[in-house]
Amino acid sequence: MNIGIIGCGEVGKIFAAALANQPSIAQVAVWDARWHDAPPNGADEQALQHARVFRSNSVAELCAQAELIFSAVTASDAFDVAEETAKYASPNTIFIDLNSASPGTKKRGAAVLSAAAAHYVDAGVMTSVPTYGIRVPILLGGPHATSVAETLRTWGMDVKVVSDQIGVASAIKMSRSIMIKGLEALVIESYTTARAYGVEDFVLPTLTETFPSIDWEKQGDYFFSRVVQHGKRRAEEMAEAANTVREGVLEPIMTEAISKRQAWVAAQRANSTLSPDSKSWRAHADALIALSNKTNLP
């Protein structure tokens, strides 16, 4: 089988490398919209250095080569990619939407691809891809999910079909993301505030008393690091999570606030206030505190 991957970010690189090593896969074609304006950067080129990984020059070229396509872009681009793929996909092409998008966005993507006689599969990636690689737990949904799952499992992927309806897998993913990304945003605000007042060594032990199974120092390092590295992508995901809440029954007050905090942290990285190389939450908090210029706290 020939595989296509749209998006050469963190997920796309990992999937390309793993799938290219599968003996039942003839070729992996990769395309990223960033290459419209500039050639692949060093990290992208390194990801493409495999005998069976081919760099496509467009979505059209990728579709001409691929029987199964993974979409692994940012949440804000999920529908646009589905719409673009629908222009060029051959009938019966399998399109697996890995993006963190709302059920409504997934249904819109499914509609345009189904109109082109392609087979759309809703996929919810349930945890960090770098930690698990190709074996990351993924939930699948849609009328073609069961047959596609059999193929993905032969490649060592950990997939579970949760529904024959589009939107169920993404609803599970989005509901979980609200909690996880919300915890990240809360930790950033709580820890930075505690650090500003010089009370972090009092606050963290109280968290341990309440939740003794969590190493709050280590968790703080991890949460700060992930948001600094991927805040823009997380903010876009939370915007889609807010759409999920809105499509349901509530006004997404909390989820929109999470998106704003994630986006704000991303902006601090963009202006070099925060370094993605730092692994310490305390160092990140100190950099954020320095922004405020407040020196009169007790």
Side-chain angles (χ1 to χ4, degrees), residues 4-7 9 11-12 15 31-34 36 58-60 62-63 66-126 138-149 152 159-178 181 232-252 255-256 258-259 262-263:
I5 298 175
I6 301 177
V11 174
F15 272 55
W31 162 247
D32 194 290
R34 292 173 299 164
H36 270 307
S58 65
V59 171
L62 182 142
C63 288
E67 301 150 80
L68 184 151
I69 297 171
F70 290 97
S71 177
V73 295
T74 57
S76 61
D77 293 326
F79 175 73
D80 290 343
V81 167
E83 191 173 43
E84 180 76 3
T85 303
K87 298 176 183 177
Y88 307 107
S90 301
N92 301 319
T93 296
I94 299 166
F95 183 92
I96 303 177
D97 195 339
L98 298 170
N99 302 301
S100 298
S102 76
T105 299
K106 294 287 184 86
K107 288 177 182 178
R108 289 167 58 218
V112 296
L113 281 154
S114 296
H119 297 169
Y120 182 97
V121 178
D122 177 13
V125 181
M126 297 307 292
I138 298 175
L139 304 182
L140 301 180
H144 305 286
T146 298
S147 59
V148 170
L152 301 184
V159 295
K160 178 182 179 181
V161 178
V162 293
S163 176
D164 62 359
Q165 301 295 312
I166 302 296
V168 174
S170 58
I172 297 169
K173 161 68 176 179
M174 290 288 94
S175 297
R176 180 183 186 277
S177 291
I178 293 168
K181 274 64 175 186
K232 181 177 183 296
R233 187 177 73 196
R234 279 163 148 69
E236 291 182 0
E237 179 179 334
M238 284 300 96
E240 281 294 308
N243 288 337
T244 303
V245 176
R246 193 177 290 108
E247 292 164 4
V249 296
L250 298 175
E251 184 66 21
T255 310
E256 288 182 336
I258 295 166
S259 180
Q262 297 269 359

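Keep in mind that what you see is a predicted model, and the values were worked out from it rather than measured.
Ile166 approaches Gly142 most closely through the heavy-atom pair CD1-CA, 3.6 Å. Heavy atoms only, all atoms of each residue included: Ala123 and Ile138 are closest at CB-CG2, 3.9 Å. Shown here for Ala66 and Ile69, the closest heavy-atom pair between the two residues is CB-CG1, 3.9 Å. Counting all heavy atoms, side chain and backbone alike, Ala235 lies closest to Ser259 at O-OG, 2.9 Å. Smallest separation of non-hydrogen atoms from Ala78 and Ala101: CB-CB, 4.2 Å. Residues Ala149 and Leu140 share a closest heavy-atom pair of CB-CD1, 3.8 Å.
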Note to self: Before you tell me yes or no, could you show the steps for Val162 and Ile172 under side chain to side chain contact (heavy atoms under 4.5 Å, CB included), namely the whole-Å CA-CA distance, both residues' side-chain angles and the distance that decides it to 0.1 Å?
What the structure shows: CA-CA 9 Å; Val162 293; Ile172 297 169; 4.2 Å; yes
Margin query: What verdict does the side chain to side chain contact (heavy atoms under 4.5 Å, CB included) test give for Phe15 and Leu98, after you've listed the backbone C-alpha separation in whole Å, the side-chain angles of each residue and the deciding distance to 0.1 Å?
Written below: CA-CA 11 Å; Phe15 272 55; Leu98 298 170; 4.0 Å; yes
Margin query: What verdict does the side chain to side chain contact (heavy atoms under 4.5 Å, CB included) test give for Thr105 and Asp97, after you've listed the backbone C-alpha separation in whole Å, the side-chain angles of each residue and the deciding distance to 0.1 Å?
Written below: CA-CA 11 Å; Thr105 299; Asp97 195 339; over 6 Å; no
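With sequence neighbours excluded, no residue forms a side-chain hydrogen bond (donor to acceptor under 3.5 Å, both in side chains) with Arg176. Thr244 is linked by a side chain to side chain contact (heavy atoms under 4.5 Å, CB included) to Ser102, Pro103, Met174, counting only residues two or more places apart in sequence or in another chain. Remark: Asp32 pairs with Arg34 by the salt bridge (charged side-chain N to carboxylate O under 4.0 Å, His left out) rule, at least two apart or across chains. Listed by chain and residue number, nothing satisfies the salt bridge (charged side-chain N to carboxylate O under 4.0 Å, His left out) test with Lys160 (two or more places apart in sequence, or in another chain). Evaluation of the side chain to side chain contact (heavy atoms under 4.5 Å, CB included) rule for Ala60 yields Ser58, Tyr88 as partners, not counting sequence neighbours.
To the nearest 0.5 angstrom, Tyr120 atom OH is 14.0 Å from Ile94 atom CD1. Atom CD1 of Ile6 and atom CH2 of Trp31 lie 10.0 Å apart (nearest 0.5 Å). Note: Glu67 CD to Asn92 CG = 10.5 Å, rounded to the nearest 0.5 Å. Interatomic distance, CG of Leu62 versus OG1 of Thr85, reported as 7.5 Å (0.5 Å rounding). Rounding to the nearest 0.5 Å gives a distance of 10.5 Å between OG of Ser71 and CD1 of Ile5. The distance from the CD1 atom of Ile96 to the CG atom of Leu152 is 4.5 Å, given to the nearest 0.5 Å.
Applying the salt bridge (Lys or Arg N to Asp or Glu O under 4.0 Å) rule to pairs touching residues 99-113 yields Lys106-Asp122, sequence neighbours excluded.
Salt bridge absent: Glu240 and Lys173 never bring a charged side-chain N and a carboxylate O closer than 4.0 Å.
For the pair Ser114 (side chain) and Ala111 (backbone), a donor-acceptor distance under 3.5 Å is absent.
Of the candidates Arg233, Met238, Lys232, Arg234, Glu236 forms a side chain to side chain contact (heavy atoms under 4.5 Å, CB included) with just one, namely Lys232.
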